[in-house]
Structures are given as structure tokens and as C-alpha cells.
Chemist: 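Okay, here's the structure, questions in a sec.
Any value given below was found using the heavy atoms of this structure, including those in side chains, with hydrogens, waters and symmetry copies removed.
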Amino acid sequence: MTPRQPTEERRRQIADAALKVIAEQGLGRFTTQAIAAEVGITDGSLFRHFASKQEIVLAALDRVEGRLFEGFPPVDPDPLARLERFFRARAALVSANPVIARLAFSEELPHAAGDAGAAQVRRWKERSLDFVVACVEEGAEQGRVPRGLPAREIGVMIVGTLMALVVLGELATGTTTVDRTWSAVRRLLGR
């Protein structure tokens, strides 16, 4: 058993443990016993901090969201520099945090959280895509991106490229793959 922790610290530990259990063992083994074992407490202790298992999952989603959007949106007067900072920051985040990488782009976590969790994850995706689209549109207005490029579709391609890097495990190879991939995106944007 771990020593008693302040409530907010214990809630964070439980949410992080839930993320780890789902990422490493999948939803089939996502139980209160598995979460409690990961934290080093009894499963009954979980419910001193959360009213339900779904509430634990929602707290885990909040943890992922906090990490995904830390320092977001990047600040730079150049929209393409902002876009590059976003791309590199997300690539670095998911490379350094494989649990986030596996869960941010999967359907497992929102499925475990029900409708509220699915809506939250949908908002993350929309927020990220909207940012990318706005950067592409602003770049086009400034003449830095060819006019007529479909901004939303380009946005989907850029966000999809990040997802592909995660799914394929390429981020583990270091910055070379990210550099080459960003270079290809830049060429696509006509820069």
C-alpha cells in the first residue's frame, strides 16, 4: 500500500494509472482492481476519490487533454512557423509519452468514458484540426501558401500524418523522421 496522499494528488495518480492500464492492457483488462494495483491502493479506496469508474476515465481524459494542449496554441506571427511548432510539439509529446500516443488517437479511451468522453475527444480533434486549417488559410492570405489549396483537406492530411507517425512507431527513431516528414509537409504547402 502506498502512503496516504492529498486528494488531488491521489486523483491524478488514479487517472494516470487508468491511462496506463488501458494503454498497456486494453479495455478488456481495465478494471478497478487493475487501476488500484497500479496505484498501490485497494479498489475500494478508488471510490473515495471518484464516484464511478467512468468518472475515473473522464479524469484520465482530462489528463491527456492537459498534456495535448499544454502551450497551445503556439505563438508566432508567421502562420507556417506556428504550424511547424504545433507539428513538432505534438510529435515530441507523443514520442516522449507513448501512453498518450496510443490513447489520443485510439477509440478505446472515449469508448470507456461513454458519450461525454467521446464528445471530449471529438473536441480535441476538432480544436487541433481547426488550428491547422487556420494556419493554412492565413498562410494563403499572406501568399505563403498557394491559393486554392483546400485548407481543410490539407489540415486533415497534417493531423493524419501525426497519427500515422504514432501508429507506425516512427517517432521512436528520433528527430530525423520528424524533420523529413515536416520537410515533406512544407513542400506540400509550396514553401
Chemist: Within this structure, what is the CD1-CD distance for the pair I35 and Q25, rounded to the nearest 0.5 Å?
Modeler: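 Result: 10.0 Å between the selected atoms.
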Chemist: List, one per line, each side-chain donor-acceptor pair under 3.5 Å for residues 112-121, sequence neighbours excluded.
Modeler:
from : atom 1 : to  : atom 2 : distance (Å)
Q120 : NE2    : D62 : OD1    : 2.9
Q120 : NE2    : E65 : OE1    : 2.6

Chemist: List in chain and number order the residues that pass side chain to side chain donor-acceptor pair (under 3.5 Å) with R152, two or more places apart in sequence or in another chain; answer none if no residue qualifies.
Modeler: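 R152: no side chain to side chain donor-acceptor pair (under 3.5 Å) contacts found.
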Chemist: Measure the spacing between CG of L19 and CZ of R67 and express it to the nearest 0.5 Å.
Modeler: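 Between L19 CG and R67 CZ, I get 7.0 Å after rounding to 0.5 Å.
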Chemist: Mind checking the CD1-CZ spacing from I158 to R90? Nearest 0.5 Å is all I need.
Modeler: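 It is 13.0 Å, given to the nearest 0.5 Å.
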Chemist: What closest approach, in Å, do A60 and A18 show between heavy atoms, and which atom pair accounts for it?
Modeler: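 Looking at all heavy atoms of both residues, the closest pair is CB-CB, 4.3 Å.
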Chemist: Sequence neighbours excluded, which residues qualify as salt bridge (charged side-chain N to carboxylate O under 4.0 Å, His left out) partners of D43?
Modeler: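 Result, salt bridge (charged side-chain N to carboxylate O under 4.0 Å, His left out) vs D43: none returned.
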Chemist: With E138, which residues qualify under salt bridge (charged side-chain N to carboxylate O under 4.0 Å, His left out), at least two apart?
Modeler: R82
Chemist: Identify, with sequence neighbours excluded, every residue that meets side chain to side chain donor-acceptor pair (under 3.5 Å) alongside S52.
Modeler: none
Chemist: Are R144 and D78 close enough that some pair of their side-chain heavy atoms sits under 4.5 Å apart?
Modeler: yes
Chemist: Which is it for T176 and R180 under the side chain to side chain donor-acceptor pair (under 3.5 Å) test, yes or no, and what are the steps along the way?
Modeler: CA-CA 6 Å; T176 303; R180 287 193 320 250; 5.4 Å; no
Chemist: With R12, which residues qualify under salt bridge (charged side-chain N to carboxylate O under 4.0 Å, His left out), at least two apart?
Modeler: E9, D16
Chemist: Enter the distance from I14:CD1 to T7:OG1 here, rounded to the nearest 0.5 Å.
Modeler: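 Atom-to-atom, I14:CD1 and T7:OG1 are 9.5 Å apart.
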Chemist: Among residues at least two apart in sequence or on other chains, which ones pass side chain to side chain donor-acceptor pair (under 3.5 Å) with D130?
Modeler: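 D130 satisfies side chain to side chain donor-acceptor pair (under 3.5 Å) with no other residue.
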Chemist: Output all residues satisfying salt bridge (charged side-chain N to carboxylate O under 4.0 Å, His left out) with R88, sequence neighbours left out; order by chain, then residue number.
Modeler: E84, D179
Chemist: What is the distance from atom CH2 of W182 to atom CG of L188, rounded to the nearest 0.5 Å?
Modeler: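 Nearest 0.5 Å value for the CH2-CG distance: 9.5 Å.
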Chemist: Under the ring pair (Phe, Tyr, Trp, His ring centres under 6.0 Å) test, which residues partner F131, sequence neighbours left out?
Modeler: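 F131 satisfies ring pair (Phe, Tyr, Trp, His ring centres under 6.0 Å) with F72, F86 once adjacent residues are dropped.
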Chemist: Holding to side chain to side chain contact (heavy atoms under 4.5 Å, CB included), I want the full list of residues that pass it with T181, two or more places apart in sequence or in another chain.
Modeler: F87, T161, L165, T177
Chemist: Enter the distance from L149:CG to I154:CD1 here, rounded to the nearest 0.5 Å.
Modeler: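 The CD1 atom of I154 is 5.0 Å from CG of L149, to the nearest 0.5 Å.
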Chemist: Can you pull the ring-ring contact (aromatic ring centres under 6.0 Å, His included) pairs that have at least one residue in residues 25-44, sequence neighbours excluded?
Modeler: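 Found none.
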Chemist: If only side-chain N and O atoms count, and only distance matters, is there a donor-acceptor pair under 3.5 Å linking R10 with S45?
Modeler: no
Chemist: Using the side chain to side chain donor-acceptor pair (under 3.5 Å) criterion, which residues pair with R11? Sequence neighbours excluded.
Modeler: none
Chemist: Show, in sequence, the C-alpha distance, side-chain angles and deciding distance for L83 and L189, and conclude whether the side chain to side chain contact (heavy atoms under 4.5 Å, CB included) test is met.
Modeler: CA-CA 11 Å; L83 184 55; L189 294 173; 4.0 Å; yes
Chemist: Heavy atoms only: give me the nearest R63-A15 pair and the separation to one decimal.
Modeler: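 Scanning both residues completely, I find the closest heavy atoms to be CG-CB, 3.7 Å.
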Chemist: A151 and V133: which non-hydrogen atoms are nearest, and at how many Å?
Modeler: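 In this case the closest contact between A151 and V133 is O-CG2, 3.6 Å.
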